[in-house]
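For reference, the structure discussed in these notes is given below.
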There are 2 protein chains.
Amino acid sequence: MMAAGIQRGGATAIWRQIAQALEAEIAAGITAPEGQLQSEYTLAERFGVNRHTVRQAIAHLADRGLVRVERGRGIFVRSRSLDYPIGGRTRFHEIVRRGNRAPSRTVIGCEAVKPDRKIAADLRLNETEMAWRIVTISAADGSPIGTSDHYFPRHRFPDLPGAMPPDNSITTLLRNFGIDDYLRRWTRISARPATAEEARRLELKRARPVLVTEALNVDSDGVPVEYGLTRMVADRVTLTIEH
Amino acid sequence: MMAAGIQRGGATAIWRQIAQALEAEIAAGITAPEGQLQSEYTLAERFGVNRHTVRQAIAHLADRGLVRVERGRGIFVRSRSLDYPIGGRTRFHEIVRRGNRAPSRTVIGCEAVKPDRKIAADLRLNETEMAWRIVTISAADGSPIGTSDHYFPRHRFPDLPGAMPPDNSITTLLRNFGIDDYLRRWTRISARPATAEEARRLELKRARPVLVTEALNVDSDGVPVEYGLTRMVADRVTLTIEH
DNA sequence: ATAAATTTGTGCGTATGTATG
DNA sequence: CCATACATACGCACAAATTTA
């Protein structure tokens, strides 16, 4: 039984000392984000205490959002999530760069479709008009952040697939059609577990929750130019809004 | 085998006709929100098609968020979720009433606590200052929408528990302390599966996702008066933001 | 497909030290 | 000094979820 720096009968409770020790290890990067901690049993042995005492410490860390406990699997370090400000000018590449991470976007599909009624209404398309749908995966430092369906009115962007810039930036794409600036008019946010397909795209092992955001972008005249349906990995982003 | 209005070899695929038929039934309220659809096998028999064809239709409805498929349990109609606008003046009671539903808030806990460092910083409290924490459950038409931890600086609200209005409205509570108006400065949004305790409070059967929102409210002088941590049932609300 | 092993969740009982009245 | 309450800590047993063999 190695005490491992634990002081019994001192002023601070044993479980608090353990919580502090584990927090320090996480802060120091000894246990990486999304990495797994030792099991409760192992930690109890290591600190020379009962498993309940370790559990008390872990519960405290979980409450504070530092770790995530999964029954039957283990204890995992929560990765510091990307701060994703949503506002009138929301630009994926800018946001990720501001978080000191490298943005990238992959196009996994591009086709002309007859849009859903609701989407057509948002884009002010009539029954016969078509839309381009571009399906993408966005990542920060290579780790997938979200997958999006972008809809554009086809009549305004005749050869959209050919105008796609190398970095797949929406901002650059719209600029190629003479739209120098665009604004986000509204955003709707909900959440649900990822589907199997989404889990595959976003490199999730299980059906973790995704934040589902719908947003409408308009040009400087207020005319809709893009409708986007994005599913973001809830564990990897925090949406922020300044009012 | 009853065809039940299905046209074979027509212009529209059979699965689309089935999807439309089911959508119409949901819209007409024949299957209530959160109610269970017939099983895939039963539907297949009813429409006189193969179960795979029904599955195609159901998958389409699930994609559009009209139904939720739970393996081993069945197909459930998603209840039309409450539109919850988030902005500078966000008031729970007003929002729910605007959705033509009856708001209610239950207090399940009220105590003086030493706030977390992060919360203390947001409320501009020093190490020694205490905060009131009021734990509530908010509901629309009796159906729980979310559960919140509200933090208030104690020095500014000496006898806060005694000043709680009958309807537990935060707006009225603050008015009782001379704060006629307050504004939301920012909101942070993430999502995760509900904990067991949250599932109990929110009347969820399993760990469905909750939208976790943190928000800071300030008075007309910009001084923080309330920090709120709310966990909302993702299936029952859609957050909306106008930019 | 099944079984075994691993890991967390929960409950009960016991014991100790500290603070309060 | 005693009674009570509370937080802390340990031990054992089993349930439930997940992974591995």
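Lettering follows sequence order; numbering is per chain, from 1. What you see is a predicted model, and the numbers here were worked out from it, not measured in a lab.
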### Query
If you measure only the distance, is there a donor-acceptor pair under 3.5 Å linking the side chains of A:Arg188 and B:Thr240?
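Side chains of A:Arg188 and B:Thr240: no pair found under 3.5 Å.
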
### Message
Does anything in residues 53-73 of chain A form a ring-ring contact (aromatic ring centres under 6.0 Å, His included)? List the pairs, not counting sequence neighbours.
### Response
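Checked against ring-ring contact (aromatic ring centres under 6.0 Å, His included) - neighbours excluded - the pairs reaching residues 53-73 of chain A are A:Trp15-A:His60.
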
Partners of [X] by side chain to side chain donor-acceptor pair (under 3.5 Å), sequence neighbours excluded?
X        : value
B:Thr136 : B:His150
A:Thr230 : A:Ser148
B:Thr53  : none
A:Glu34  : A:Arg68, A:Ser79

Taking the minimum atom-to-atom distance to the side chain of [X], which one of [options] wins?
X       : options               : result
A:Trp15 : D:dT8, C:dT10, D:dC10 : D:dT8
A:Ile75 : D:dT8, D:dG11, C:dT8  : C:dT8
A:Asn50 : C:dT7, C:dG9, D:dC10  : D:dC10
A:Arg8  : D:dT8, C:dG9, D:dA9   : D:dA9

Atom pairs under 3.5 Å: protein N/O with N/O of nucleotides 11-13 of chain C:
unit_1	atom_1	unit_2	atom_2	d
C:dG11	O6	A:His52	NE2	2.8

### Query
A:Leu61 has an atom CG; how far is it from atom C1' of C:dT8, in whole Å?
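So the CG-C1' distance, A:Leu61 to C:dT8, works out to 16 Å.
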
Each nucleotide N or O in nucleotides 16-18 of chain D that has a protein N or O under 3.5 Å away: list the pair and distance.
unit_1	atom_1	unit_2	atom_2	d
D:dA16	O4'	A:Arg71	NH2	2.3

### Query
Quick one: on DNA chain D, does A:Gln56 or A:Arg51 contact a more 5' nucleotide (nearest heavy atom)?
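Here A:Gln56 is the residue nearer the 5' end.
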
### Query
What pairs meet the salt bridge (Lys or Arg N to Asp or Glu O under 4.0 Å) rule with one or both residues in residues 100-110 of chain A, with sequence neighbours excluded?
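Applying salt bridge (Lys or Arg N to Asp or Glu O under 4.0 Å) to every pair that reaches into residues 100-110 of chain A, excluding sequence neighbours, yields A:Arg101-A:Asp141.
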
### Message
Taking salt bridge (Lys or Arg N to Asp or Glu O under 4.0 Å) as the cut-off, I'd like each qualifying pair that reaches into residues 151-177 of chain B, sequence neighbours left out, listed once.
### Response
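Non-adjacent pairs meeting salt bridge (Lys or Arg N to Asp or Glu O under 4.0 Å): B:Arg156-B:Asp219.
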
